[in-house]
Amino acid sequence: MAGVRRTPPESVDEFLRVLKHPLKVEIRAVRQLILAADGKIGEGIKWKAPSFHRGEYFATFNLRATDSIQLILHLGAKVKDLPAEGLQITDPQDLLKWLAKDRALATLRDRKDVEARGGALQKIVKQWIRHL
């Protein structure tokens with residue numbers, strides 16, 4: 001795919017190995033949930049953070065927050081034609097805070113939150129990648 005520079009997973013592993021973040025264990029758990037959502041999901045370092053792609057980049061950790069795990073869901077660098085109401089994503093646990101019609105923030109507070117709502121996040125990822 002032209003235009004997307006991919007970083008080998010080893011680079012993500014190295015990035016996480018040296019990352020200083022109070023929720024690093026939880027970040028690793030969310031990473032595994034995302035990768036397990038679809039066997040075609042790849043990862044790389046983009047925007048100075050672990051990011052995920054399936055043809056286009058669609059999710060990036062926001063590592064500036066140190067009191068929670070934040071994941072920005074987006075549709076890559078290219079503008080997509082979307083309905084006026086934006087993406088239709090089922091979110092029964094209210095994980096998403098919509099930032100725009102094609103961008104949302106998912107926040108998990110801690111290990112218990114990852115355990116309780118990680119499956120819901122994985123379902124959201126499966127829905128999200130259908131829009132790429």
Side-chain angles (χ1 to χ4, degrees):
M1 178 180 65
V4 174
R5 183 171 174 245
R6 294 193 176 124
T7 307
E10 299 80 32
S11 295
V12 175
D13 289 335
E14 178 62 15
F15 181 94
L16 290 174
R17 188 184 68 74
V18 300
L19 176 67
K20 293 185 182 356
H21 194 286
L23 297 170
K24 182 161 68 169
V25 170
E26 292 81 357
I27 290 168
R28 288 177 185 268
V30 171
R31 173 191 181 206
Q32 291 308 312
L33 284 168
I34 294 167
L35 292 172
D38 184 299
K40 294 180 181 175
I41 292 175
E43 61 183 344
I45 302 299
K46 191 157 180 73
W47 301 294
K48 299 180 183 178
S51 300
F52 303 89
H53 57 80
R54 192 172 181 278
E56 291 280 345
Y57 278 96
F58 69 87
T60 303
F61 280 107
N62 173 10
L63 299 174
R64 290 183 302 248
T66 58
D67 62 342
S68 62
I69 303 99
Q70 294 188 346
L71 186 71
I72 304 287
L73 295 164
H74 50 84
L75 294 176
K78 297 177 185 177
V79 176
K80 305 270 192 257
D81 288 327
L82 296 173
E85 66 273 8
L87 299 179
Q88 299 301 301
I89 303 291
T90 303
D91 180 17
Q93 293 196 18
D94 293 323
L95 276 170
L96 299 180
K97 176 183 175 188
W98 288 92
L99 307 173
K101 68 180 188 173
D102 63 347
R103 185 173 304 270
L105 173 67
T107 302
L108 298 164
R109 294 181 309 276
D110 53 27
R111 180 184 55 82
K112 288 182 182 178
D113 207 21
V114 172
E115 290 171 0
R117 302 189 325 154
L121 177 63
Q122 193 175 57
K123 289 178 183 176
I124 288 170
V125 167
K126 289 178 183 184
Q127 294 175 72
W128 197 276
I129 60 178
R130 289 187 209 134
H131 296 282
L132 295 174

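By convention here, the first residue in the shown sequence is residue 1.
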Taking C-beta and beyond as the side chain, do [X] and [Y] meet within less than 4.5 Å on heavy atoms?
X      : Y     : result
Arg103 : Ile72 : yes
Ile129 : Lys40 : no
Pro50  : Ile45 : yes
Leu87  : Leu73 : no

Please report the shortest heavy-atom distance between [X] and [Y], naming the atom on each side.
X      : Y     : result
Ala59  : Leu71 : CB-CD1, 4.1 Å
Pro22  : Thr66 : CG-O, 3.2 Å
Lys126 : Ala37 : CE-O, 3.3 Å

Residues Lys97 and Asp91 bridged, charged N to O under 4.0 Å =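 Judged by the 4.0 Å cut-off on N to carboxylate O distance, Lys97 and Asp91 do not form a salt bridge.
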
task = Please report the C-alpha distance between Glu43 and Ile34 in whole Å, then the side-chain angles of each, then the deciding distance to 0.1 Å, and finally whether the side chain to side chain contact (heavy atoms under 4.5 Å, CB included) criterion is met.
result = CA-CA 10 Å; Glu43 61 183 344; Ile34 294 167; over 6 Å; no

key: All pairs passing ring-ring contact (aromatic ring centres under 6.0 Å, His included) where residues 103-132 contributes a residue, at least two apart   =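 Listed once each, the pairs are Trp98-Trp128.
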
[X] side, atom [atom1]; [Y] side, atom [atom2] - distance, nearest 0.5 Å:
X      : Y      : atom1 : atom2 : answer
Arg28  : His21  : CZ    : NE2   : 13.0 Å
Leu132 : Phe58  : CG    : CZ    : 7.0 Å
Gln70  : Leu23  : CD    : CG    : 10.5 Å
Asp110 : Asp67  : CG    : CG    : 10.5 Å
Glu115 : Asp113 : CD    : CG    : 10.0 Å
Leu121 : Leu33  : CG    : CG    : 6.5 Å

task = For the pair Phe61 and Val30, evaluate side chain to side chain contact (heavy atoms under 4.5 Å, CB included) and give the outcome as yes or no after the intermediate values.
result = CA-CA 10 Å; Phe61 280 107; Val30 171; 3.8 Å; yes

Under the 3.5 angstrom rule, does the side chain of [X] hit a backbone N or O of [Y] as a donor-acceptor pair?
X      : Y     : result
Lys24  : Leu16 : yes
Gln127 : Thr90 : yes
Lys46  : Thr60 : no

query = Is the number of heavy atoms from other residues, nucleotides or ligands within 6.0 Å of NZ (Lys48) greater than 12?
reply = no

query = Can you hop from Phe15 to Phe52 via hydrophobic side chains spaced under 4.5 Å?
reply =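 Hydrophobic grouping puts Phe15 with Phe52.
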
request  = For the pair Arg17 and Asp13, evaluate side chain to side chain contact (heavy atoms under 4.5 Å, CB included) and give the outcome as yes or no after the intermediate values.
outcome  = CA-CA 6 Å; Arg17 188 184 68 74; Asp13 289 335; over 6 Å; no

task = Can you spot which of Ile124, Thr107, Leu108 makes a side-chain contact (heavy atoms from CB on, under 4.5 Å) with Arg117?
result = Leu108

